Amino acid sequence: QVQLVESGGGLVQPGGSLRLSCVASGRFFKINTMGWYRQAPGKERELVAAITLVGSQNYADSVKGRFTISRDNAKNTVYLQLYSLNPEDTAVYYCYATLYRVGAVLLEPYWGQGTQVTVSS
């Protein structure tokens, strides 16, 4: 079984910062891409940022220059540093990873349960 567990969400004032973390655990032998999606009330889930095994990064236009994604492959962890937050960033942030489970031959996607980020004064 594979689990992704996020942490680091919370309430922050406009202009503030947060750091989200997501740790993958379970029976797998290789994680490919890791990243973050978010879903605001009444909106569809959208990609925020992603990072490949070798470190190539991709960001949504709305967060470029404000958010930074990174990963620690030794710890099976992906991070999302959020700067200059505004109320439009309020959403549930979901971690995801594509990985090879032990015994599997195909990449499979896994999701965390989500962590709430609220930007409000």
Side-chain angles (χ1 to χ4, degrees):
Q1 187 169 350
V2 176
Q3 283 189 315
L4 300 181
V5 179
E6 303 103 332
S7 61
L11 173 64
V12 63
Q13 292 187 341
S17 302
L18 280 176
R19 190 194 197 204
L20 307 183
S21 301
C22 172
V23 181
S25 63
R27 300 190 72 233
F28 57 87
F29 62 90
K30 184 178 180 180
I31 302 176
N32 189 19
T33 298
M34 302 186 82
W36 296 88
Y37 277 72
R38 68 185 180 185
Q39 188 166 19
K43 295 187 177 181
E44 293 186 353
R45 191 174 295 191
E46 62 174 356
L47 175 68
V48 177
I51 184 168
T52 69
L53 179 61
V54 296
S56 296
Q57 300 168 24
N58 182 41
Y59 295 93
D61 288 342
S62 60
V63 307
K64 282 180 182 177
R66 299 190 300 121
F67 293 5
T68 301
I69 191 169
S70 60
R71 65 190 283 176
D72 184 333
N73 292 329
K75 296 181 179 179
N76 297 320
T77 300
V78 63
Y79 305 96
L80 186 68
Q81 182 70 54
L82 296 73
Y83 298 103
S84 302
L85 285 160
N86 59 62
E88 290 70 39
D89 296 315
T90 295
V92 178
Y93 285 68
Y94 296 91
C95 169
Y96 84 95
T98 57
L99 53 83
Y100 290 98
R101 267 187 309 113
V102 172
V105 297
L106 297 175
L107 275 172
E108 298 174 338
Y110 287 87
W111 294 87
Q113 295 285 357
T115 185
Q116 177 70 46
V117 171
T118 302
V119 184
S120 175
S121 56

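Just so you know, these numbers use all the heavy atoms, side chains as well, and skip hydrogens, waters and symmetry mates. Since this is a predicted model, take the numbers as computed values, not measurements.
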Taking [Y]'s backbone N and O only, do any of them form a donor-acceptor pair with [X]'s side chain (distance below 3.5 Å, no angle check)?
X	Y	value
Arg71	Val54	no
Glu6	Gln113	yes
Thr77	Asp72	no

**Request:** Can you sort out the partners of Arg101 under salt bridge (charged side-chain N to carboxylate O under 4.0 Å, His left out), two or more places apart, ordered by chain and number?
**Result:**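 Residues passing salt bridge (charged side-chain N to carboxylate O under 4.0 Å, His left out) with Arg101: Glu108.
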**Message:** Taking salt bridge (charged side-chain N to carboxylate O under 4.0 Å, His left out) as the definition, give me every residue that meets it alongside Lys43, ordered by chain and number, with sequence neighbours left out.
**Reply:**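 Partners of Lys43 under the salt bridge (charged side-chain N to carboxylate O under 4.0 Å, His left out) test: none.
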**Prompt:** Considering only heavy atoms from C-beta outward, does the side chain of Asn73 approach that of Ile31 to under 4.5 Å?
**Reply:**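 Side-chain contact under 4.5 Å: no.
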**Asked** Which pairs, with at least one residue in residues 84-100 and sequence neighbours excluded, count as a salt bridge (Lys or Arg N to Asp or Glu O under 4.0 Å)?
**Response**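 Applying salt bridge (Lys or Arg N to Asp or Glu O under 4.0 Å) to every pair that reaches into residues 84-100, excluding sequence neighbours, yields Arg38-Asp89, Arg66-Asp89.
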**Message:** side-chain contact (heavy atoms from CB on, under 4.5 Å) for Val5 and Ser25? Distances and angles first, verdict last.
**Reply:** CA-CA 8 Å; Val5 179; Ser25 63; 5.6 Å; no
**Message:** Quick check for you: to the nearest 0.5 Å, what is the distance between Tyr59 atom OH and Leu80 atom CG?
**Reply:**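 Answer for the OH-CG pair, Tyr59 versus Leu80, is 7.5 Å.
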For residues 114-121, which side-chain donor-acceptor pairs fall under 3.5 Å, sequence neighbours excluded?
residue : atom : partner : partner atom : Å
Thr115  : OG1  : Gly9    : N            : 3.3
Gln116  : NE2  : Ala91   : O            : 3.4
Gln116  : NE2  : Thr118  : OG1          : 3.3

**Prompt:** Quick one: ring-ring contact (aromatic ring centres under 6.0 Å, His included) partners of Tyr110, sequence neighbours excluded?
**Reply:**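 If we apply the ring-ring contact (aromatic ring centres under 6.0 Å, His included) test to Tyr110, skipping adjacent residues, there are no hits.
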**Asked** For the hydrophobic clusters of this structure (ILVMFWY residues joined by side-chain heavy atoms under 4.5 Å, transitively), does one cluster hold both Leu47 and Val92?
**Response**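 Shared cluster, yes.
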**Message:** Would a single hydrophobic cluster contain both Val23 and Leu18, if residues Ile, Leu, Val, Met, Phe, Trp and Tyr are joined by side-chain heavy-atom contacts under 4.5 Å?
**Reply:**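 No, separate clusters.
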**Item:** Contact list for residues 74-108, test ring-ring contact (aromatic ring centres under 6.0 Å, His included), sequence neighbours left out
**Value:**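 Pairs touching residues 74-108 that pass the test: Phe29-Tyr100, Tyr37-Tyr96, Tyr96-Trp111.
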**Item:** Glu46, CD atom: more than 12 neighbouring heavy atoms under 6.0 Å
**Value:**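 Check passes, neighbour count above 12.
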